[in-house]
Amino acid sequence: MSELTGMRILVVEDEYLIADDICQMLDQAGATPLGPAPNIDAALAILKAETRVDGAVLDVNLQGQMAYRIADLLDERAVPYAFATGYDRDILPQRFAGRAVLDKPVGRQDIARVLGRAPPPLGVHTGSFLSRR
Amino acid sequence: MAPYGGSCVSSLWTRGHAGRTGLGPRRDEGEAEVIPRLIDENEQLRTMVESLLEENARLAEHRDRLSARLTNLSRQLQAAHTAAVIVSPPTPPIPTPPMDERDRQAEELGVAFEELQVLTEELEAANSALSSANRELDARMTERLQEVARTKAALKVSEASFQTVADLVPDLLWGADAEGKGVWFNRRWAEQTGQSAKDASGEGWLDALHPADQPMAAQAWSEAVESGEAFQHECRIRSSGDYHWALIRAELVRDEQGRLVRWFGAATDIHAQRMAMEALKRSELRFKTLIEGMPPLVWRAVDTGAWTWASPQWQAFTGLSAEASFALGWLEALHEDDRQTARDAWERAQETGALEFEARIFSVATGSYRHFHTRAAPVRDEQGRIIEWLGASSDVHDLVELRQRQNVLLAELQHRTRNIMAVVRALTKRTVSSSTSLEDFSERIDERLAALARVQGLLSRRLEGARVTFEALLKAELSAHVTDLENGSVTLRGPSDIGLRSATVQTFALALHELATNAVKYGALAAPEGRLSVDWLVDRDADDQPWLHVEWIESGVPDMPAGNAPARGGGYGLELIRRALPYQLSAKTEFAFGADGVRCVIDVPLPVEMTEIRP
């Protein structure tokens, strides 16, 4: 099971309620949400300001603007990200063919699955493994 | 003249059938030919015999004259001799004419005698020639008579076989005299037309023609007879109760002197061909009418799309002439990016036997391209090989645009549905976290979902092209809470036509919903003396950006909480106004609890197009 714990994840979503929801999910998963950013400019500003970004959840359509410039920048910086959209994935340009796409509404497990890191070796966390049982 | 000439009566028939031979033995002479020749020859012989007879008569007369003269001389000589004997006995000298007179008479007699002898020989020769000539005449006459007899016999056979053939052929045959009057008709004429040879003779044959065709046929025939030129005419001839189209041809036969002797005619049944031709013509006319009347652009092509014909519509639509469209010229009318598509489709069509592709075609009238759907089917010969292609290009531009718009709408609908699910989930989670009980949650979530549903209703109209106005949004929310907006407790003032950006409508509606809910539960609309006034107007900032300025002011509310008390109702409304509107709408908001009610000011940027207020 991948984990989001300790990750700094950028949230780009123009709909306040959804952005707030995703931020809360990340918070609950032990991650630090960056943003949320309702538009491209706000997102680029955050990326410029933040030295460490471990992942991003990108709404595709930001009030008519497509989030591709943000995705390109994330690719440049080798930051993993996932598109979160209500559209079919085939609206995405060809260069994003291999990228993760999450259908809205996005759940915590969805984000963890595509952005999360593999948990540390079992030995280190024996206690928690046992406690889960 | 040769005994067996090539020109004879039977050639009348053979000439009538151009190229047809064997109608009667050609070597046999006809009566009409033999008799004049024989008469001619006999005339020559008779003239010869007559001159011989004349010569004979002349010689005979000459001989008779000579003979008479000889007799006369002989008698004179006799008399003279007798007189001499009587005058003188044998010794005494007889008183005879003097010696020289007697000598002269004897000499004359001798000459006459010789002359008579010559004459007699001449006469004998003449007689001999005469009898020879007579014999020759007899022999020739006999020979010619035999010849005539043979010819007559041969002619009989010839006539009979011609008659047989004439009755056997499927054509109607007839003969007419030099004046064009029918004189002979074969049996088929009677069989087909029901008209006897007698009825058909003269001008009677015209009755066997279709009444509508008679005047023209009669005129054409009389013109031919007058000019003596070959006759050719198409008309309908009676055929077992019906009329059949026939091709009539007639040619004339002239005699040795070039005089028009006889017409020979034949009528060939061309009904089936004529009907087929007329059916074809009608079919072609229908095809042409259909092709030129239908909206698709129709064309014909061979091989891999080499056009051979282009309909008038194609030429009118594209401005390309038929000639310019031939071969691959039509590609010029296609959008540059679609030409390869068309070529590829033609390549495929060779294997699949069907052509189909979509391409944009230039409209010369509008100067723009329109989407066309092109299809073509092959025309094959009996062996199944493709002879040509018949194609049609139909204007599907509106359909394509509609389809594109439909796809956009469908994608938008899906996007919106999924988005609304995400909003509902967020709303639910927030409501759960702020609810004190399940009943409390149930009531609040119901209200919020109802507000969300109302705004969806307003937004769906946006798809039809109209923006959601602030007034509509406000009234929709207030109406859900206040039964009578006109009872004086609520005052709404502002322009009715302020269109909002679609992306902002939902959150704006939820914020207004929270304001209204709170007013109904705790504020101006809960208190008997409470008043709510909402005023709005459009303002412009230094950058000429239009802003909607809204003031929500409640008054007459007793028992207002202290400024630092937690918001009643969980504070979700407050959060939406203070955080959501600025976040999502780039709005500037103020919210305060006044002494006798809530005071809220919201400034929202409007779409730039709203600089022009729509009616």
Side-chain angles (χ1 to χ4, degrees), chain A residues 10-29 33-46 57-68 82-93 100-111, chain B residues 407-434 445 448-449 451-452 455 462 500-511 513-514 572-573 575-587 589 604-605 607-609:
Chain A
L10 172 66
V11 177
V12 182
E13 166 64 59
D14 61 345
E15 191 75 48
Y16 173 82
L17 294 175
I18 300 170
D20 183 54
D21 187 35
I22 293 172
C23 286
Q24 285 198 24
M25 282 192 291
L26 291 172
D27 203 38
Q28 285 161 9
L34 303 178
N39 53 50
I40 291 173
D41 288 344
L44 294 179
I46 293 168
V57 178
L58 304 181
D59 179 23
V60 174
N61 187 344
L62 302 168
Q63 297 192 8
Q65 290 183 309
M66 295 301 176
Y68 307 139
F83 288 110
T85 181
Y87 294 111
D88 278 340
R89 76 169 297 145
D90 57 16
I91 71 149
L92 292 174
V101 178
L102 300 176
D103 286 334
K104 283 184 173 179
V106 176
R108 191 165 118 193
Q109 283 74 19
D110 298 327
I111 301 174
Chain B
N407 285 341
V408 167
L409 288 181
L410 200 65
E412 194 56 36
L413 188 68
Q414 188 186 343
H415 163 72
R416 200 168 282 183
T417 306
R418 289 190 164 277
N419 232 39
I420 205 80
M421 295 305 292
V423 168
V424 166
R425 197 176 71 169
L427 211 53
T428 307
K429 281 161 82 174
R430 284 302 303 266
T431 309
V432 165
S433 67
S434 65
I445 197 70
R448 283 169 181 166
L449 289 179
L452 211 51
V455 78
R462 170 71 183 107
L500 300 171
R501 286 171 62 193
S502 300
T504 69
V505 168
Q506 191 168 282
T507 306
F508 208 166
L510 285 175
H513 168 72
E514 295 301 323
Y572 194 42
E575 184 192 333
L576 287 177
I577 287 159
R578 283 188 176 157
R579 292 181 55 195
L581 293 186
Y583 180 85
Q584 194 167 344
L585 281 64
S586 304
T589 58
V604 182
V608 177
E609 61 179 271

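Chain A is the first sequence line, chain B the second, and so forth, proteins listed ahead of strands; every chain is numbered from 1. Just so it is clear, the structure is predicted and the values come from calculations on it, not from any experiment.
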- Item | Heavy-atom neighbours of B/Met421 CE exceed 12 at 6.0 Å | no

- Are the side chains of B/Gln584 and A/Glu15 in touch, meaning some heavy atoms are under 4.5 Å apart? yes

- Task: Tell me, out of B/Val423, B/Ile420, B/Val424, who's got the most heavy-atom pairs with chain A below 4.5 Å.
- Result: B/Val423

- Task: Let me know if A/Asp103 has heavy atoms under 4.5 Å from chain B in its side chain, its backbone, both or neither.
- Result: both

- Query: Checking B/Leu581 against chain A: side chain, backbone, both or neither under 4.5 Å from a heavy atom?
  - Reply: neither

- Message: Quick check for you: among A/Ala19, A/Gly64, A/Pro38, which has the greatest number of heavy-atom pairs under 4.5 Å with chain B?
- Response: A/Pro38

- Message: Any non-hydrogen side-chain atom of A/Ile22 less than 4.5 Å from a side-chain atom of A/Ile111?
- Response: yes

- Task: May I ask you to decide if the ring planes of A/Tyr16 and B/Tyr583 are parallel, tilted or perpendicular, using 30° and 60° as cut-offs?
- Result: perpendicular

- Query: Hey, is the main chain of A/Val12 close enough, under 3.5 Å, to the side chain of A/Asp59 for a donor-acceptor pair?
  - Reply: no

- Side chain, backbone, both or neither: which part of B/Arg501 has a heavy atom under 4.5 Å from chain A? side chain

